[in-house]
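Let me begin by presenting the structure, written as structure tokens, before commenting on it.
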Amino acid sequence: MPRKKSLSPTKITTYLACPVKYRYTYIDPRGKLYLRAKSYYSFGTSLHRVLERFHDSADTGVATTEEAVAALEESWIDAGYESAEDMMDAFGEGKEILVRHIAAEQARPKEGRTLFVEKTYQVDLGPFVLLGRIDRIDEIAEGKWRVVDYKSGRETVSEDEIRNDPAMGIYQLILKRKFPENQISAQIVALKSNDRAEVSLSESELEQLESDILSIGGQILASDWDDVVPKWKPLCDSCDFRPLCSHNPDYIDSIPVSAADPNELSTGN
Ligand code: SF4
């Protein structure tokens, strides 16, 4: 029997941003030839690896700022930076973020305990499996679990941003369906400032989200990828797959005059 298809917050947000981008990221192997390393992914993943060790009670190697800085040196990913100077600037910023974050964590009153770090959970929604990889889950009181998500590029965060963040909703939905007896909330930590906000979706909000995810997932599973037409959108300016779209006449027709690149328009003639 074929394995059931799986969807994740990243797949769903990629599809919502642009179905053609979804095609080249997950379906069409030509897309891999155009993918470029991104410095912001490298930066975020490097910090996540250190924080995973800092918050993992089984890892006794990263408990102080000095150990965190040493761990950052060990796990630093240098792909995607434009120059060695840019990379060194980012490394310096990463160290400062870790030092500030660990100092803030150590100064905060301890709330419960960390249950898991970098944990993947999944739930079967019928037509597909929904899965999510969660940075950290804390048990803040008996039966109360908090999903913690680090954002390495953010200075601030608000409750509205969490409410409108598909990943934060999906993490709560998955955990609530797997552990219905627990109260689940989701918190984003903006690592640059240690600003944080938290939201707990109600059962009716989770039901609405589940219905929306089923509808979007149904569209993804039913898509005929060869027929998906690229249309210009602001995202195109930073998209790795633009060379694949830029020769398509539908794509060229959709470019507004204000965003037109003369070289790109001439390739269609
Ligand atoms: S260039 Fe634009 S239309 Fe093409 S995949 Fe990227 S975002 Fe989508």
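All ligand and atom numbering here is 1-based and tracks the order in the structure. Only a predicted model underlies this, so the values are computations on that prediction, with no experimental measurement involved.
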Is there a donor-acceptor contact under 3.5 Å linking the side chains of Y251 and R242? yes

Report, in ascending order of atom number, the atoms of ligand 1 lying under 4.0 Å from any heavy atom of C236. 1 (S), 2 (Fe), 3 (S), 7 (S)

Between the side chains of T156 and D195, does any donor sit under 3.5 Å from an acceptor? no

Distance to 0.1 Å, residue and atom name: give those for the protein heavy atom nearest to atom 3 (S) of ligand 1. K231 O, 3.5 Å

For atom 8 (Fe) of ligand 1, which protein heavy atom lies nearest, and how many Å away is it? C18 SG, 2.3 Å

Under a 3.5 Å cutoff, is there a donor and acceptor pairing between the side chains of S204 and E207? no

Closer than 2.8 Å to atom 6 (Fe) of ligand 1: does that hold for any N, O or S atom in C245? no

Looking at R136 and E118, is there a salt bridge between them, counting it only when a charged N and a carboxylate O are closer than 4.0 Å? no

Specify the protein heavy atom at minimum distance from atom 1 (S) of ligand 1: its residue, its atom name, and the distance to 0.1 Å. R242 CA, 3.6 Å

Do any N/O/S atoms of C239 come under 2.8 Å of atom 8 (Fe) of ligand 1? no

Answer yes or no: is there a donor N or O on one side and an acceptor on the other, between the side chain of Y81 and the main chain of M88, under 3.5 Å? no

